[in-house]
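Quick notes on the structure that follows.
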Amino acid sequence: SSHPDTAVVWGGMGRIAFRIGYFEVAARAAYRARCIREATVGEDTVEAATAYNNVACCLAALKRPLEASAYLELAAELLRILAGEEHPRTQTVLRNLHQARVMRKNVQMPPPVLFSYRVRAKKERRSKSKRRRWSARFEHRSRSSSPNGSRSASRESHRSR
């Protein structure tokens, strides 16, 4: 994998796998060829840009157009600078980039969950405030307690019966 010609072998295997429809295998082989190209000849070469295009085509076939677009934009810029706008490889990459941009992006957002709340009819306001109701409850409880004032004593007397 330290020789640039090994990228040619991986690229050829990726091309064959792509042509017969094994897109995952093709993507792995093209990615391996890309890594070898970057390591041996550099990232800013025509060969590396071609490897980016090959990886992008495999990703597009795997219905991953966002990643494919990223690789194609990189390849297009490299080829514009290194080979020129009219070069056949540049034209091919630009055509692939256009196709990747118009592909369905498979970005899905689930519909929002709508909650429904029951709306109750308004009740008439009571004349007593909350404070009055609480004080009335407290007074009622304190009256039911034992004569010495402790509620626990009255509970014990109820249990013993």
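Of all heavy-atom pairs between Val93 and Ala76, the closest is CG1-N, 3.5 Å. The two residues Ala26 and Gly14 make their nearest non-hydrogen contact at CB-O, 3.3 Å.
Taken from CD in Glu24 to SG in Cys58, the straight-line distance is 11.0 Å, to the nearest 0.5 Å.
Between Leu94 and Glu85, the closest side-chain pair of non-hydrogen atoms falls below 4.5 Å.
Residues passing the side chain to side chain contact (heavy atoms under 4.5 Å, CB included) test with Ile81, sequence neighbours excluded: none. Legend: residues meeting side chain to side chain donor-acceptor pair (under 3.5 Å) with Glu77, ordered by chain and number and at least two apart, are Arg80. With sequence neighbours excluded, no residue forms a ring-ring contact (aromatic ring centres under 6.0 Å, His included) with Tyr31.
Both Ile20 and Val25 sit in one connected hydrophobic cluster of ILVMFWY residues. Membership requires side-chain heavy atoms under 4.5 Å apart, directly or through other members. When the side chains of ILVMFWY residues are joined at heavy-atom separations under 4.5 Å, either directly or via intervening members, Phe18 and Leu97 end up in two distinct hydrophobic clusters. Following chains of ILVMFWY side-chain contacts shorter than 4.5 Å, one cannot reach Val9 starting from Ile16, and the two form parts of different hydrophobic clusters.
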What donor-acceptor contacts under 3.5 angstrom involve side-chain atoms of residues 67-75, with partners at least two apart or in another chain?
{"from": "Glu67", "atom 1": "OE1", "to": "Arg64", "atom 2": "NE", "distance (Å)": "2.6"}
{"from": "Glu67", "atom 1": "OE1", "to": "Arg64", "atom 2": "NH2", "distance (Å)": "3.2"}
{"from": "Glu67", "atom 1": "OE2", "to": "Arg64", "atom 2": "NH2", "distance (Å)": "2.8"}
{"from": "Ser69", "atom 1": "OG", "to": "Pro65", "atom 2": "O", "distance (Å)": "2.9"}
{"from": "Glu73", "atom 1": "OE2", "to": "Arg101", "atom 2": "NH2", "distance (Å)": "3.3"}

For a quick test of your reading: what N or O donor-acceptor pairs under 3.5 Å do the side chains of residues 46-57 make, sequence neighbours left out?
{"from": "Thr50", "atom 1": "OG1", "to": "Val46", "atom 2": "O", "distance (Å)": "2.9"}
{"from": "Thr50", "atom 1": "OG1", "to": "Arg89", "atom 2": "NH1", "distance (Å)": "3.1"}
{"from": "Tyr52", "atom 1": "OH", "to": "Glu38", "atom 2": "OE2", "distance (Å)": "2.6"}
{"from": "Asn53", "atom 1": "OD1", "to": "Asn96", "atom 2": "ND2", "distance (Å)": "2.9"}
{"from": "Asn54", "atom 1": "ND2", "to": "Thr50", "atom 2": "O", "distance (Å)": "3.4"}

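Identified under the side-chain hydrogen bond (donor to acceptor under 3.5 Å, both in side chains) test for residues 9-23, with sequence neighbours left out: none.
In this structure, His87 places its NE2 atom where more than 12 heavy-atom neighbours from other residues, nucleotides or ligands lie under 6.0 Å away.
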Could you walk me through whether Arg37 and Val8 pass the side-chain contact (heavy atoms from CB on, under 4.5 Å) test, one step at a time? CA-CA 9 Å; Arg37 287 281 185 210; Val8 175; 3.5 Å; yes

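Side-chain atoms of Thr40 never come within 3.5 Å of backbone atoms of His3 as a donor-acceptor pair (strictly under, hydrogens ignored).
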